[in-house]
Number of protein chains: 2
Amino acid sequence: MSASTITRVLLNNYVPSGSAKISDFQIVQAPAPTKEQLKENEVILRPLYLSVDPYQRNRLSGAKESYIPMYQKGQPISNSLVATKGQPISNSLVATVIASTSGEFQEGDLVIDGGGKWETEYVARAGAIKKAPVYPGINPRDYVGVLGMPSFTAYVGMTVVAEPKAGETILVSSASGAVGQMVVQLAKARGLRVVGVAGSDDKIEYLKSIGADAAFNYKTCGSLEDAIKRAAPEGIDIYFDCVGGELLDAALANINEFARIVVCGAITQYNLSSGEEGYGVKNTLNILIKSAKMQGFTIGGYFGTKIQGEFIEHVSKLYDEGKIKYRMSETVGLENGAQAILDLFEGKNVGKSVIKA
Amino acid sequence: MSASTITRVLLNNYVPSGSAKISDFQIVQAPAPTKEQLKENEVILRPLYLSVDPYQRNRLSGAKESYIPMYQKGQPISNSLVATKGQPISNSLVATVIASTSGEFQEGDLVIDGGGKWETEYVARAGAIKKAPVYPGINPRDYVGVLGMPSFTAYVGMTVVAEPKAGETILVSSASGAVGQMVVQLAKARGLRVVGVAGSDDKIEYLKSIGADAAFNYKTCGSLEDAIKRAAPEGIDIYFDCVGGELLDAALANINEFARIVVCGAITQYNLSSGEEGYGVKNTLNILIKSAKMQGFTIGGYFGTKIQGEFIEHVSKLYDEGKIKYRMSETVGLENGAQAILDLFEGKNVGKSVIKA
């Protein structure tokens, strides 16, 4: 089955600050791995769908101190949450087993690799992958989509951090994105009033189609603080923050007593170099005045816990029943993988970004 | 018993921003209230000790929107947590009953008035005051001292918000102040390593005498971020924040994973006018990266709850046994009350500021 050559997406240059460009990456051809090369308990995987995620920006920076390991120059781009510095670069993806020396996996098995590579075929240890369970209505790409890491992030943020109560108002940033669209729908399902913020009219339309009660385009709304006030005149009880910076400040200006600010991302701050100063948030006094809670979390610690099982069961059922939607933006061909990252950072995509290999 | 004239401390001008000055207040003489003026269920109180607190700065501002009611021009200065706009100005103090038409209170009773006035004698409703309970080793001034509102604030912050664990490191700002000195000692009692920050060598000495493992003077330490790093090379797990602004930013730069930032005050931000922008906090990204929690609270909601009973029992016992200290800075004479507020805002006092009437 194996082709004689494969495509790999490598990092060419670290990008400490500013926008990455296509020349910061390298698309190369290489000999395909063969079954004969496999040691015991290894497999050859052929990725079907690969996840593209905002936090990858950090891994491109080459920063010496970060919560996440850096990519290595000349190595494939990846977005694993389990990789460690100095370890092979890895990635979150769903793949087919095309060769195996493991008793656990057979040719044709559908597997999830949280440490997989941006290569059209590669060798993985059997212990590092797991079979993708079969659920009604769940297709292979849903493992990096509605059941993927960002969707799980939305679920943990809403169930563990946000403490939502029916009738409250939630503000969601990057609301049409991989995390945001799930937050919007989980919040609606819990009886909240939802205000979504996004960066294009297409995205605003999508937000309304999935139930947002109000939505505005942060690029055209004028004062963010006033736009939030118009969309949520009764104030906001929860802010689900994926962007940080100015919008966080404007949200803080509009919080109600005992508000919760769920900090799950800060995409506006990721382009900063490690030495550079972040945006200065001026309204932190409101955290005191309103007895508010601002809590950050990263999803890494929740993988493999009971809550992940609950998430998969709950969300796959809702999805199968058509009660939630999950929009994806698909880039076809791993050779276009670098462009997929750049598009994500420029906000070109609506919904979850994935690559169809 | 009643003197023929009394002294009142009135607000002369609102001070929207910057430092207040003595001419913003007015000290006036007025006829003393008489028993004959009392309606049913009223008392005449003679304050013994009055509390002076940082949050009074907000009440001087005349701001239209605030979490706390403003003082009224020409009315006595106060610091009640229960006053409402348009209601008589009030104050937290301990007083002696000198006349009563209430069956509940007799001449000579020691009472606490959370809504009392900065007047050497005044009329109060019996329903608005309560008897000061008798505990071994507790003197009248301890009701605005070790058992007063700021000390209770420290207790609630540590027990409800901070989630302290033995062996962790806590950073405390305004550490020799009314809240801070209690935080330092409660933290030591729970087995934490304590780093205190204060603004004079005298204060630093005091911090060491009450058990702080390290302490530095923010006025002379150079870079705050580096000073924290030197004092807590292992990073900080809890930051007990009474000041906001630059020190909050420097603390955020030094937090460990799962850190808790307890926001109980922001004295550096209180001098701002309501329209003016606050200090821009640049390191909020660390709340995400470190999965930290930053939580504000105000003490108002905890009065009269079970936790207040626990606080009084726990702290009065430790105090009686000499296991905790509580330093106060006493201004003698209510006619010097305005100066006591100004001294507090200039950081001249070590410990809890009180006025001995």
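Convention: sequence-line order gives letters A, B, ...; per-chain numbering from 1.
Heavy-atom distances place the side chain of A:Leu248, and not its backbone, under 4.5 Å from chain B.
Taken to the nearest 0.5 Å, the OH atom of B:Tyr279 stands 9.5 Å off from the OG1 atom of A:Thr284. The structure places CZ of B:Phe258 at 10.0 Å from CD of A:Gln295, a figure rounded to the nearest 0.5 Å.
Contact between A:Cys264 and B:Leu288 at its shortest, heavy atoms only, is C-CD1, 3.6 Å. Nearest heavy atom pair, residue A:Ile287 against residue B:Val263, reads CG2-CG2, 4.2 Å.
The most heavy-atom pairs under 4.5 Å with chain B, out of A:Val281, A:Asn286, A:Val161, come from A:Val281.
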